[in-house]
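To keep things clear, I will list the structure first and then write my remarks on it.
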There are 2 protein chains.
Amino acid sequence: MEKQHNLSKNQKIIFDLIDKSPEPLKAYSILFNVQKKGINAPLQVYRALDKLVEIGKIHKIESRNAFIACQNSSCQISKATAFSICESCEKVSEISNTKLSKYLSNFADQAGMKYSKYNLEFFGLCKKCKSK
Amino acid sequence: MEKQHNLSKNQKIIFDLIDKSPEPLKAYSILFNVQKKGINAPLQVYRALDKLVEIGKIHKIESRNAFIACQNSSCQISKATAFSICESCEKVSEISNTKLSKYLSNFADQAGMKYSKYNLEFFGLCKKCKSK
DNA sequence: TTGTAAATGTTATATTATTACATTGTGTTA
DNA sequence: TAACACAATGTAATAATATAACATTTACAA
């Protein structure tokens with residue numbers, strides 16, 4: 001059974017904001033957006049983000065320093081993530097593909113080492129931008 | 001035939017430093033190390049880093065904001081990169097595995113889109129750290 | 001030799017993230 | 001319910017990472 005994480009006040013405010021957003025949000029843009037709700041300092045945002053990442057409710061898009069809500073209910077704990085990123089409009093989508101995740105989880109490097117955690121970011125043009 | 005890139009003075013200084021380093025280097029640590037050679041400002045470092053990344057001589061480890069020399073002579077142009085990162089000692093190795101790169105280059109997402117560029121970072125414990 | 005693109009130099013500033021310390025809330029268990 | 005432990009919060013200061021704007025110089029091809 002899945003561990004239930006009751007989000008705290010700040011965590012909930014920040015998760016809701018990210019979850020509603022159609023695009024990844026940056027920490028200081030989050031800060032700006034939640035100041036009316038009493039969250040005044042960067043650290044309050046970063047602490048909530050850290051926790052939300054830890055429990056898998058959001059992911060960090062490393063190449064963009066931005067955060068999106070997890071779209072894949074089954075990766076709430078896993079840190080095995082894959083995204084596609086449009087280099088033109090910056091649209092980001094989480095990829096959930098069983099074959100891909102199996103392939104990567106089973107991948108063994110030169111020394112035979114396996115890694116259960118990974119982050120994969122694909123870059124290119126999304127359909128919309130490609131057809132322009 | 002491969003395009004020859006003659007590195008400029010600053011590019012060469014910074015590439016040599018990164019290339020000699022056994023571990024990824026951060027921009028401001030590079031800055032500190034090259035000040036005796038007349039590179040005084042962050043922007044001088046970032047400009048050289050940008051160029052070196054662009055021509056494939058170095059790669060950025062996104063999750064660490066650090067840079068390593070390319071270990072794979074065949075990816076001088078390609079932006080398709082994969083690394084293993086030890087979460088204990090922070091050792092980073094570039095993975096060059098034809099099957100993996102083919103698999104990822106041919107991967108098609110939910111919408112059938114393919115992406116020639118990607119960055120993959122695996123996380124775990126290296127052999128040394130595992131056996132401790 | 002002159003035009004152009006790349007690279008450099010310098011100052012200032014923007015953006016992203018953490019340290020340190022004090023306090024408050026929440027849930028467990030004695 | 002009291003006492004404890006741990007998570008979360010609040011606040012100020014600062015560290016670390018990265019870019020903007022502008023002036024100048026270098027490299028090299030037309």
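These numbers come from a predicted model, not from an experiment. Protein chains get the first letters and strands the later ones, always in sequence-line order, with residue 1 at the start of each.
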Proximal nucleotide (of D:dT19, D:dT17, D:dT11) relative to the B:P42 side chain: D:dT19
Sugar-phosphate, base or nothing in reach of B:K12, heavy atoms under 4.0 Å: nothing
Length of the line joining A:Q44:CD and D:dA8:P, which is rounded to integer Å: 14 Å
Ion pair B:K12/B:D16, N-O distance below 4.0 Å: yes
Verify same cluster id: B:I14, B:L43 (apolar side-chain graph, 4.5 Å): no
Evaluation steps, side-chain contact (heavy atoms from CB on, under 4.5 Å), between B:F123 and A:N119: CA-CA 8 Å; B:F123 305 95; A:N119 180 53; 4.3 Å; yes
Check ion pair B:E121-B:R64 (N to O, under 4.0 angstrom): no
First and last nucleotide of DNA chain C, 5' to 3', lying under 4.0 Å from heavy atoms of chain A: C:dT16 to C:dA20
Note, A:Q110 side chain near B:S96 side chain (heavy atom, < 4.5 Å): yes
Selection residues 98-117 of chain A - residue pairs positive for ring-ring contact (aromatic ring centres under 6.0 Å, His included), sequence neighbours left out: A:Y103-B:Y103, A:F107-B:F122, A:Y115-B:F122
Close side-chain approach of A:K57 and A:C70, heavy atoms under 4.5 Å: no
Heavy-atom side-chain contact between B:D109 and A:S93 under 4.5 Å: no
Nucleotide D:dT17, atom P - distance to OH of B:Y46 in whole Å: 7 Å
Test item: B:K102 and B:K99 side chains (from C-beta on) under 4.5 Å apart, heavy atoms: no
Rounded interatomic separation in angstrom, taking CD1 from B:I61 and P from D:dT17: 15 Å
ILVMFWY cluster, B:F32 and B:V34 together (side-chain gap under 4.5 Å): no
Spatial distance of atom CG (A:L17) from atom CZ (A:F67) [nearest 0.5 Å]: 12.5 Å
Helix axis bend for the helix from C:dT1-D:dA30 to C:dA30-D:dT1 - C1'-based end axes, five pairs, 10° rounding: 30°
Base versus backbone protein contacts along nucleotides 22-30 of chain D [heavy-atom cut-off under 4.0 Å; B, S, -]: ---------
Any A:S8 side-chain N or O less than 4.0 Å from OP1/OP2 of D:dA7: no
Integer-rounded Å distance: D:dA18 C1' and B:L49 CG: 11 Å
Comparing B:N65 and B:A48 on DNA chain C - which has the more 5′ nearest nucleotide: B:A48
Distance (rounded to the nearest 0.5 Å) between B:D50 CG and B:Q11 CD: 10.5 Å
Value in whole Å for how far the P atom of D:dC6 lies from CD of A:Q11: 18 Å
With A:K127 via side-chain contact (heavy atoms from CB on, under 4.5 Å) - residues at least two apart: B:A111, B:M113
Interface with DNA chain D, restricted to residues 28-40 of chain B and to heavy atoms under 4.0 Å: B:Y28
Hydrophobic cluster identity match, B:L25 and B:V92, side-chain contacts under 4.5 Å: no
